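One structure is given below, encoded as structure tokens.
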Amino acid sequence: MSDYIPQEIEKKWQARWEAEGLYHADIDERRPKHYALTMLPYPSGDLHIGHWYAMTPSDARARFMRMNGFNVMFPIGFDAFGLPAENAAIKDGVHPMKRTYQNIERMRQQLRSMGAMWDWRRESVSCDPEYYKWTEWFFIQLYKKGLAYRKLSPVDFCPHCNTTLAREQVWGEDRHCERCETPVIKKDLSQWFFKTTSYAHELLHYVGMDWPERVKTLQTNWIGRSEGAIVTFKTEGGGSFEIFTTRPDTLWGATFMVLSPEHPLVEKITTPERKADVEAYKAQAARQSDIDREAADKEKTGVFTGGYALNPVNNEKIPIWIADYVLMTYGTGAIMAVPAHDERDFAFARKFGIEVRVVIQPQDMDALDGTTMPASVPAHGTMVNSGPLTGTSADDAFHAAVGFITEKGFGKGAVNYKLRDWLISRQRYWGAPIPMIHCEKCGWNPVPEEELPVLLPEDVEWRPTGESPLKLHPTWKQVRCPSCGGEAERETDTMDTFMCSSWYHLRYLSPKYTQGPFDPKEYNYWMPVDTYTGGIEHANMHLIYTRFFHKALRDMGITEGPEPMLQLRNQGMVLGEDHEKMSKSRGNVIPPDELVAHYGADAVRAFLMFFARWDLGAPWNSSGIDGTFRWLRRVWTLVNEPSGMGDCSADTRRMLRRRVHQMLRRITRDFREFEFNTIVSGLMELLNEMNKAKEAGAYATPEWNEAVDIYLRMLAPVCPHIAEELWTQTGRRYSVHTQSWPQVDEDAAREMEIVIPVQVNGKLRERLTVALDAADDLVKEMALASPLVQKYLEGNAPKKVIYVKGKLVNIVI
RNA sequence: GGGGCGGUGGCGGAAUUGGCAGACGCUGCGGACUUAAAAUCCGCCGGUGGAGACACCGUGUGGGUUCGACCCCCACCCGCCCUACCA
């Protein structure tokens, strides 16, 4: 018998599978399809153990589905644009394109070492011009549909480097530039947005989606729907502004108004004597707005503008303040403050000596007094001091108030979302160009579709400041206006990489297709994605963007159906052995290449599935993998090492079949439910059982041959190489991966006798072995008759005897 | 402050969802084989008491529901992740 040398067999089989196209996925109308998708990697240059952790169980699951009769497509690609390559270029001058393609080539080799069932013909790389051509095309479709627009929006900006900074380039408490340490400022830039908010309502409905509850909850909270009202307040000076409130019923309790410091009205209403204070506050808020968000229970600050609003319900004069706790980005950027019933408003009112007026009296409290109450009270109870609403219960007051303000014409019911429109402009080089042209005369126009893609120029200059090379390029941005033919300029911003990853699952369908982003024939067969796997950290960004994208395209007739991905499953994270997140600086990174070289891919795959619950993740344990490797070596020996066909009882053989089919049932269920760790432990358990049977002389019996057959099929998705090797070595027909999943023989799996635990007052005292179909009364009788039970009964009759069929007996005394 | 996830032996975890807590694996200890080591194989391994059969305790803490709770309910403690004044 030869030794188990994974390095030899793994290379051999990978080469053969590749040569024969074993994993090619082609349209086949006779078989049900299964589109298994795993989130595509960013080509950082090295495959991380985290990639293995995410991808090998996904691969195993895809293989399982294939063995269950599905035509499975399992594609792979690279999310290849992005900041890291550009930063590296600024440092060492290597062009991002060159570096990215080198990294991709290296990662392809590393990915191939996994032995996964990827159909490499479908590989898509988002920085390939034939890919980003269509990213640009999608931008134009969204623009034409009115879903893309321009708006001024603040960015973090380094005045010294003259460049925009990404969040990760802003360092430290004082928010300085990572390169030159200059304090960062906010700068308003005109940028492109997608109207994700137009789909906010629909995104809250998870139609037909088998997604984890916690992802749905995360998305729901992120979208943040609240029901309330928009109310218009006139100002004393004759202008007006709108506020959003979730409690229109407390309108009578509003004693001041607060505008966000950036609110456009601030300038108009500020009185001359308050101007200096207001300007100072605005300047400070602009500089600090992001810094102090970290301080949750920060002291409330604000200044009075000198202006007044008129409360539409009673024409009372209400002072208008500005404060940084009101955000321009949420609601209307203005609020009415009801200090008696809102914690923040209360703190503000007390600090600045503003009136507190009670409008809701809770049932279980003494009559409230606004001048003395020590804290705001929850707005549940009976309306007081509220004009026509006085006496209404607060439960009905909301609708009564909306009715009242609608009737009087100064407001209406409204729904507001936390979700904001998607800012897609990046002042960067290494991204898909935004295919828009600006003409002094004609304004913005898309690049004509026949001129796509707008290619990134390759002859670019890398300034150490990080300024966008597209801006600096001498000729690239000069074009003719598509409308009037006059001189015009290209947009020099590129797109957020989330744009590329919003549709990669569509490019996989037909990566070489030139007539459109994807071949409709392929779409009709493969879409939607049946199983999507990836990290939970994408719940609020990528997974919302891709859903938005799909729905927007659907409304243009490009895609079909309510959702792009039917089923989602998330993996957890592999931490370092020190229980910390893996990072180069901590020195706790586990290099997968070394593990594969030492143990082989199969052992690494199996260990990653075994050592933690997949959705939770766990710290790495470097000695644990020895156990998994030992297991595979024992499998090798079990199957390969001949043994005498001993004097084997029918019982032994029946028991072997029983164990095999019971385990098959368990493992089949675990594959369905993504419970990979118990798949491997189940296989280990069954190996132990088979070893016992072998020792008892079961080797080479029909039952033994069936056991090996089923064992190798169950092993195949987890450890594809060793399973293939043993499958063919035992004279079975290539390939194990095209075999069907074995069927459970329920008769064989059935236990003839079962062990029933007997409890006395819930404590285990005895175990009975009874026939599977033993009558209830018989089991109870046997339990009561047991000497161990008798001891506790002390001659008395039991109070109660509970028998849960086939499970246990509990005797209450 | 809000939201999410979790807390079970020395360690990673299991318990098919209210029914034998600790499967499987790692580590450790003891033994066989060996001149020796490695590899392999066998045995033990939650705590306390006991020679032992066995008894008692035990799933973060305190209560509750139940014949019965790691699992359900209430209150709290701790850890990790996301988010940040959301009107």
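In what follows, every chain begins at residue 1, and chains take the letters A, B, ... in the order their sequences are listed. Predicted model, so just to flag it, every value in this text is computed and none were measured.
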For [X], answer base if it contacts any base atom (sugar-phosphate contacts may also be present), sugar-phosphate if it contacts only those atoms, and nothing otherwise; contact means non-hydrogen atoms under 4.0 Å.
X         : value
Thr332(A) : nothing
Lys800(A) : sugar-phosphate
Arg666(A) : nothing
Val812(A) : sugar-phosphate
Glu673(A) : nothing
Arg765(A) : sugar-phosphate
Arg633(A) : sugar-phosphate
Arg634(A) : sugar-phosphate
Lys799(A) : nothing
Val326(A) : base

Taking only the side-chain heavy atoms of [X] (C-beta and beyond), determine which of [options] contains the nearest atom.
X         : options                : answer
Asn221(A) : C86(B), G19(B), G3(B)  : G3(B)
Ser623(A) : A87(B), U27(B), C20(B) : U27(B)
Arg420(A) : C20(B), C86(B), C24(B) : C86(B)
Asn688(A) : C82(B), G25(B), A87(B) : G25(B)
Arg630(A) : U83(B), U27(B), G19(B) : U27(B)

Return the pairing partner of [N] with a 3.5 Å limit on both distances, Watson-Crick or G-U wobble; otherwise return none.
N      : value
C85(B) : none
C20(B) : none
C80(B) : G4(B)
G30(B) : C42(B)
G25(B) : C11(B)
C72(B) : G64(B)

To the nearest angstrom, how far is [X] atom [atom1] from [N] atom [atom2]?
X         : N      : atom1 : atom2 : result
His538(A) : C82(B) : NE2   : C1'   : 13 Å
Phe233(A) : A87(B) : CZ    : C1'   : 12 Å
Ile544(A) : C82(B) : CD1   : C1'   : 13 Å
Leu683(A) : A23(B) : CG    : P     : 18 Å
Met609(A) : G25(B) : CE    : C1'   : 16 Å
Ile802(A) : C67(B) : CD1   : C1'   : 3 Å
Asn416(A) : C86(B) : CG    : P     : 13 Å
Leu808(A) : G19(B) : CG    : P     : 10 Å

Say you pick atom [atom1] in [N] and the same atom in [M]; how far apart are they, in whole Å?
N      : M      : atom1 : value
G49(B) : C41(B) : C1'   : 35 Å
C74(B) : C82(B) : C1'   : 27 Å
U16(B) : C26(B) : C1'   : 25 Å
C72(B) : G19(B) : C1'   : 14 Å
G7(B)  : U61(B) : P     : 13 Å
U59(B) : G47(B) : C1'   : 14 Å
G25(B) : U40(B) : P     : 13 Å
U8(B)  : A14(B) : P     : 12 Å

Could you run down the sub-3.5 Å N/O contacts of the protein with nucleotides 12-15 of chain B?
| from | atom 1 | to | atom 2 | distance (Å) |
| --- | --- | --- | --- | --- |
| G12(B) | O2' | Phe611(A) | O | 2.2 |
| G13(B) | O3' | Asn677(A) | ND2 | 3.2 |
| A14(B) | OP1 | Asn677(A) | ND2 | 2.7 |

Are more than 12 heavy atoms, taken from residues, nucleotides or ligands other than [X], located less than 6.0 Å from that residue's [atom1] atom?
X         : atom1 : answer
Gln790(A) : CD    : yes
Lys351(A) : NZ    : yes
Glu343(A) : CD    : no

Report summary line: Assert: residue with more 5' nearest nucleotide on RNA chain B, out of Thr217(A) and Tyr417(A), is Thr217(A)
Query raised in the report: In terms of the nearest nucleotide of RNA chain B, which residue is placed more toward the 5' end: Glu685(A) or Asn810(A)?
Result: Glu685(A)
Requested in this report: Please lay out, stage by stage, how Phe676(A) and Phe610(A) fare under the test ring pair (Phe, Tyr, Trp, His ring centres under 6.0 Å).
Outcome: CA-CA 7 Å; Phe676(A) 301 106; Phe610(A) 174 65; over 10 Å; no
Query raised in the report: Taking the side chain from Asn570(A) and the backbone from Gly534(A), do they hold a donor-acceptor pair closer than 3.5 Å?
Result: yes
Query raised in the report: How about Phe352(A) and Phe304(A): are their ring centroids closer than 6.0 Å?
Result: no
Query raised in the report: Can you check whether Trp422(A) and Tyr545(A) have ring centres sitting under 6.0 Å from each other?
Result: yes
Query raised in the report: Does a side-chain N or O from Lys763(A) land closer than 4.0 Å to OP1 or OP2 of A21(B), or not?
Result: no
Query raised in the report: Trp741(A) vs Phe64(A) aromatic rings, parallel, tilted or perpendicular, using cut-offs 30° and 60°?
Result: perpendicular
Query raised in the report: Relative to the ring of Phe256(A), is the ring of Phe348(A) parallel (under 30°), tilted (30 to 60°) or perpendicular (over 60°)?
Result: parallel
Report task. Determine if the base of G9(B) is syn or anti; take syn to mean the glycosidic torsion is within 90° of 0. Result -> syn
Query raised in the report: Going by a 90° cut-off around 0, is U8(B) syn or anti?
Result: anti
Query raised in the report: Has the side chain of Arg214(A) got a donor or acceptor atom sitting under 3.5 Å from an opposite partner on the base of C5(B)?
Result: no
Report task. Check step by step if ring pair (Phe, Tyr, Trp, His ring centres under 6.0 Å) holds for Trp620(A) and Phe607(A). Result -> CA-CA 10 Å; Trp620(A) 179 260; Phe607(A) 182 63; 5.2 Å; yes
Report task. Please check if any side-chain donor atom of Asp670(A) sits under 3.5 Å from a side-chain acceptor atom of Thr668(A), or the reverse. Result -> no
